[in-house]
Amino acid sequence: MIKKILITLIILMALAINLSATPIELNDDEDLVPTFGSLRGASRFLAQRSRGLMKCNKNPRLCRAKGSPGPDCCNKKCVNVKTDKQNCGLCGKKCKHQEICCKGKCVNLMTDKRNCGGCNIKCKKGNSCKLGMCSYA
């Protein structure tokens, strides 16, 4: 009787650990079937607490986990090279002080006609970007 209760408890614990694993989200351009990441028994609470500090030196797929700062691995940290000012387009490519990273390119929002005042805000044809606002040339 005690053996049956013990075995049932072990099975329930294994099932609870398996169900608590965080799913890995894939990009639209990937043909892989979504799988569950191995957090080795860590609860979702613990996985969420380390959002800003996710490292990818041991498990690069960790960057695809829900809540990750980005899908890319640069200098053993999860980042998004399309928006990260310290890794814009490529790992280690830093934008200048007055620039930000839009779609993997360093741009100055104060003067860039294609990113005037914010990423992907385009000035109409014939207008220029001055102080982050589109104006007539």
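The first residue in the sequence is number 1, and the count goes up from there.
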**Item:** Sole candidate of P71, C91, C74 that passes side-chain contact (heavy atoms from CB on, under 4.5 Å) when paired with V79
**Value:** C74
**Item:** Interatomic spacing from SG in C123 to NZ in K130 - rounded to 0.5 Å
**Value:** 10.5 Å
**Request:** Rounded to the nearest 0.5 Å, what's the gap from SG on C116 to NZ on K124? Could you check?
**Result:** 13.0 Å
**Heavy-atom closest contact (N87 atom, G92 atom, distance)** = OD1-N, 2.7 Å
**Asked** Who else is in I121's hydrophobic cluster (ILVMFWY, side-chain heavy atoms under 4.5 Å, direct or via others)?
**Response** none
**Fill in**
Students should find that the hydrophobic cluster of L109, defined by side-chain heavy atoms under 4.5 Å apart, otherwise consists of I100, V107
**Message:** Looking at K105, I want to see if its NZ is surrounded by more than 12 non-hydrogen atoms of other residues, nucleotides or ligands under 6.0 Å.
**Reply:** no
**Request:** Verify, without hydrogens or angle tests, whether N108 (side chain) and E99 (backbone) share a donor-acceptor contact under 3.5 angstrom.
**Result:** no
**Prompt:** Can C78 and C73 be said to form a disulfide (SG to SG under 2.5 Å), step by step?
**Reply:** CA-CA 5 Å; C78 296; C73 184; over 6 Å; no
**Message:** Quick check for you: to the nearest 0.5 Å, what is the distance between D84 atom CG and K77 atom NZ?
**Reply:** 10.0 Å
**Item:** Pairwise distance SG(C106) to CG(D112) - rounded to 0.5 angstrom
**Value:** 11.0 Å
**Fill in**
To the nearest 0.5 Å, atom SG of C119 lies from atom NZ of K82 at 12.5 Å
**Fill in**
Cluster membership besides L90, Ile/Leu/Val/Met/Phe/Trp/Tyr side chains within less than 4.5 angstrom, sorted by chain and number, is none
**Complete:** Value for NZ (K103) from CZ (R114), rounded to nearest 0.5 Å, stands at 11.0 Å
**Message:** Would C88 and C101 count as a disulfide (SG to SG under 2.5 Å) here? Give the steps.
**Reply:** CA-CA 6 Å; C88 189; C101 188; 2.2 Å; yes
**Prompt:** Is it true that C134 and C129 have SG atoms closer together than 2.5 Å?
**Reply:** no
